[in-house]
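First up is the structure itself, then whatever we jot down about it.
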Amino acid sequence: MQTEHLKLLRLLQLADSALPVGAAAHSFGLETLVEDGTLNVSNLESFLSNYLCEAGAQEGAFCRAAHHLSARVDFGEHHFQIQTWLGLNRRLSARKLARESRAASAALGRRLLQLACALDELPPLAEASEAARRAGCDVHHCTAFGLAAGALGLDEGATINAYLHQSLSGLISACQRLMPLGQTRAQQILWSLKPAIVAAAASYDIEGGAFNDDSVIRDSDNAATEEFDGVCNEVCCFTPLLDLASMRHTTQTTRLFIS
Amino acid sequence: MVSSFTDVLPEDGAVSTRADSTAHEPAAAQQAHGLLRLRFERAADSERMTLTFCEQRPPLKVVRAFEAGDGAALVHLHNLSGGVLGGDKLELSVEIGEGARAQLTTTGATRLYRSRREMPAAFQRQRFEVCEGALLEYLPDELIPFAGSRYRQATSIELCEGAGLFWWEVVAPGRTARGELFEYDSLQLSLNLNARGLPLAHERIALDPVRRPPQSPARLGPYLYFATFYVCQVGVSGPRWLQLEGELSELAQRLSRPTQTLWGVSALPAHGLIVKALSVRGRDITRGLHDFWRAAKRELYNLPAVPPRKVY
């Protein structure tokens, strides 16, 4: 039981908005949407719910695949699959078509991975960080989060939900600085969107729960990795207005946020 | 979860075309399995570009290649059915040989017709390979998904060293003149754009207007049409793309009219950039795409962007 409590506390720290990775400096395009009047207090909750359904599901799928990569590493025959790790991040970069949001995600991911390496001696994390640096490959926030949580032995489902929760919390916090959104209303939105977080986290889960069955994993580790790869290939995301907002943010005259 | 984007089309000769079927045959027999395989090459001793290979099966058809205004080979892609019907499986495979230049366009908008309930979604697979130093300009008219249509499209584009690309796609909300907006059943578009095996842009779009309202501010907001335009040249440096992003962003600002049309430009992870647009009017997007194409082609190739010869 104490071990489980320890895991919970570690997950809470990784998902804490106070974690010094720089998340508070980014709006991921929301600043432009608020500036041009598309996004306001009255449609914020609906916007975020649909955001979770699209971008949340995508981030969740890649977070899950990264978790799987590190959770299966041991000191025996299961080594960290560096090329799969780099490929995962490269494909997520190709999914993030707005340069500023892509760079923001990469900045947060790099810092999170560095911080996690400094907090605990977890071989896959140092190896993942070094491999990405050598290859000149971005490490994204969701993949770094999933990788760190997997290496710490944190529950897969809880990890995805915690990642999406901290991500949503960060966006709402940005909105509090961009629009007349009070603390109580902000908390109400975060509270009422929890089912949407759970739905987004589960939307691209591997069906049948095969990955909780150790005998299956042991016999077909590569097949399992390919299946996670396949899910990341299939996951859909359609947020053109937000993508355009992020692209247009670079030319906005007054900016509170980096992205 | 949405259906897989990686369906396999039947082998050659395994199926009949729609032209073979009659009204009394079961629905499956009325599905078209169209095929178009094209290869363009540059003549060894001249600047002439030729269509050297063309395999076709109705309803897809190419009549012949013309010379485009800038010397490229121009081909019009025909669909003899007048559009894509429910259950159709279509395959377009195009190779642009080393140093060749080709321009592909359609003869009109691609109409996605209402699908019968018992039919699977229509599926089109498109593969483009652009070899070393070659250039592909893929400039089709818009996709119009009719009410009740179900359509999936999987596009893969592979660029070799020095290869260039101007590729756009415009999607309408439906038959707007009839007031038909987002009444299709489903529209799934996937795109893999890779250069030398590395991913530059991967898109997976699943539009299901009933379950996922397209006009949510997280998706299209108040806009109806959406468009994507990829501009690539493998080997051009990252700083050069950032510079071009800045130049084209100025054009985007000039063309944008909030609540009417929005344009945005962003450098890809490498070798290219993307131009995106949202609009309440299709013609604004068409005009703007030609402006971006002209500007980008002049910057990268110092060549004019000559619109394909057809009725606009």
Side-chain angles (χ1 to χ4, degrees), chain A residues 29 32-33 35-40 43-44 46-58 87 90-103 106 136-138 203-207 230-251, chain B residues 1-6 171 187-194 197-208 211-223 226-228 230 241-242 245-246 249-250 252-253 256 258-259 262-270 273-278:
Chain A
T32 313
L33 290 183
E35 171 75 20
D36 67 19
T38 305
L39 190 61
N40 52 49
N43 66 9
L44 179 60
S46 158
F47 168 86
L48 291 171
S49 175
N50 288 314
Y51 170 87
L52 282 168
C53 178
E54 301 284 348
Q58 176 173 278
R90 285 190 178 116
R91 280 190 293 144
L92 186 52
S93 286
R95 290 294 194 102
K96 293 177 179 289
L97 298 173
R99 179 178 55 79
E100 219 179 56
S101 289
R102 182 171 68 241
C137 174
D138 284 340
S203 57
Y204 286 93
D205 196 358
I206 304 286
E207 289 174 2
V231 170
C232 288
N233 190 43
E234 296 287 322
V235 62
C236 294
C237 178
F238 182 64
T239 55
L241 190 54
L242 186 60
D243 295 342
L244 263 172
S246 180
M247 292 174 185
R248 293 165 60 232
H249 189 258
T250 58
T251 54
Chain B
M1 193 182 293
V2 296
S3 318
S4 170
F5 281 113
T6 52
V171 180
L187 180 65
Q188 295 180 17
L189 305 172
S190 110
L191 175 131
N192 280 0
L193 168 58
N194 299 321
L198 287 176
L200 301 187
H202 286 185
E203 292 191 77
R204 300 289 183 277
I205 296 171
L207 290 164
D208 178 342
R211 287 177 52 240
R212 299 178 167 199
Q215 292 193 280
S216 155
R219 299 188 179 99
L220 293 171
Y223 303 96
F226 62 95
T228 305
Y230 287 103
W241 288 114
L242 287 181
E245 177 195 290
S249 290
E250 287 177 18
Q253 277 186 296
S256 292
T259 73
L262 288 181
W263 292 92
V265 183
S266 214
L268 296 173
L273 58 78
I274 179 173
V275 179
K276 266 186 175 274
L278 294 175

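So you know, we letter chains A, B, ... as the sequences are listed, proteins then strands, and number each from 1. In this text the structure is predicted, and so the values were computed from the model without any measurement. Scope of the values below: all heavy atoms of this structure, side chains included, with no hydrogens, waters or symmetry mates.
Per-residue heavy-atom pair counts under 4.5 Å with chain B were compared for R91(A), M247(A), K96(A), and the maximum is reached by M247(A). Chain B forms more heavy-atom pairs under 4.5 Å with one residue of R90(A), R95(A), Q58(A) than with any other, namely R95(A). Each of S46(A), S246(A), C237(A) has some count of heavy-atom pairs under 4.5 Å with chain B, and the biggest count is that of C237(A).
For the pair Y230(B) and L97(A), the minimum side-chain heavy-atom distance is below 4.5 Å. Between L241(A) and L220(B), every side-chain heavy-atom pair lies at or beyond the 4.5 Å cut-off.
In this structure, S190(B) OG and N233(A) CG are separated by 7.5 Å, a value rounded to the nearest 0.5 Å. Within the model, atoms CG of L244(A) and OG of S256(B) stand 8.0 Å from one another, a figure rounded to the nearest 0.5 Å. Interatomic distance, CD of E54(A) versus CZ of R204(B), reported as 14.0 Å (0.5 Å rounding). How far CZ of F238(A) is from CG of D208(B): 12.5 Å, rounded to the nearest 0.5 Å. Atom OG1 of T251(A) sits about 9.5 Å away from atom CD of E245(B), to the nearest 0.5 Å.
Looking at L242(B), the atoms closer than 4.5 Å to chain A (heavy atoms on both sides) all sit in the side chain, from C-beta outward. Contacts between L200(B) and chain A at a heavy-atom distance below 4.5 Å involve the backbone alone (N, CA, C, O). Both the backbone and the side chain of A267(B) come within less than 4.5 Å of a heavy atom of chain A. Proximity to chain B (any heavy atom under 4.5 Å) is restricted, for R102(A), to the side chain, taken from C-beta onward. Only the side chain of L198(B) comes within less than 4.5 Å of a heavy atom of chain A; its backbone N, CA, C and O stay farther away. Residue contact with chain A, scored on non-hydrogen atoms closer than 4.5 Å, is absent for A270(B).
For the pair A218(B) and Y51(A), the tightest heavy-atom approach, listed with the atom from each and the gap, is CB-N, 3.8 Å. Pairing each heavy atom of S93(A) with each of P269(B), the nearest pair is O-CG, 3.8 Å.
In terms of modelled atom types and a separation under 3.5 Å, the side chain of S266(B) and the main chain of R99(A) share a donor-acceptor contact.
Every residue meeting the side-chain contact (heavy atoms from CB on, under 4.5 Å) condition with C53(A), not counting sequence neighbours, appears here in chain and number order: R212(B), R219(B).
Residues in residues 237-249 of chain A take part in these salt bridge (Lys or Arg N to Asp or Glu O under 4.0 Å) pairs, two or more places apart or across chains: D36(A)-R248(A).
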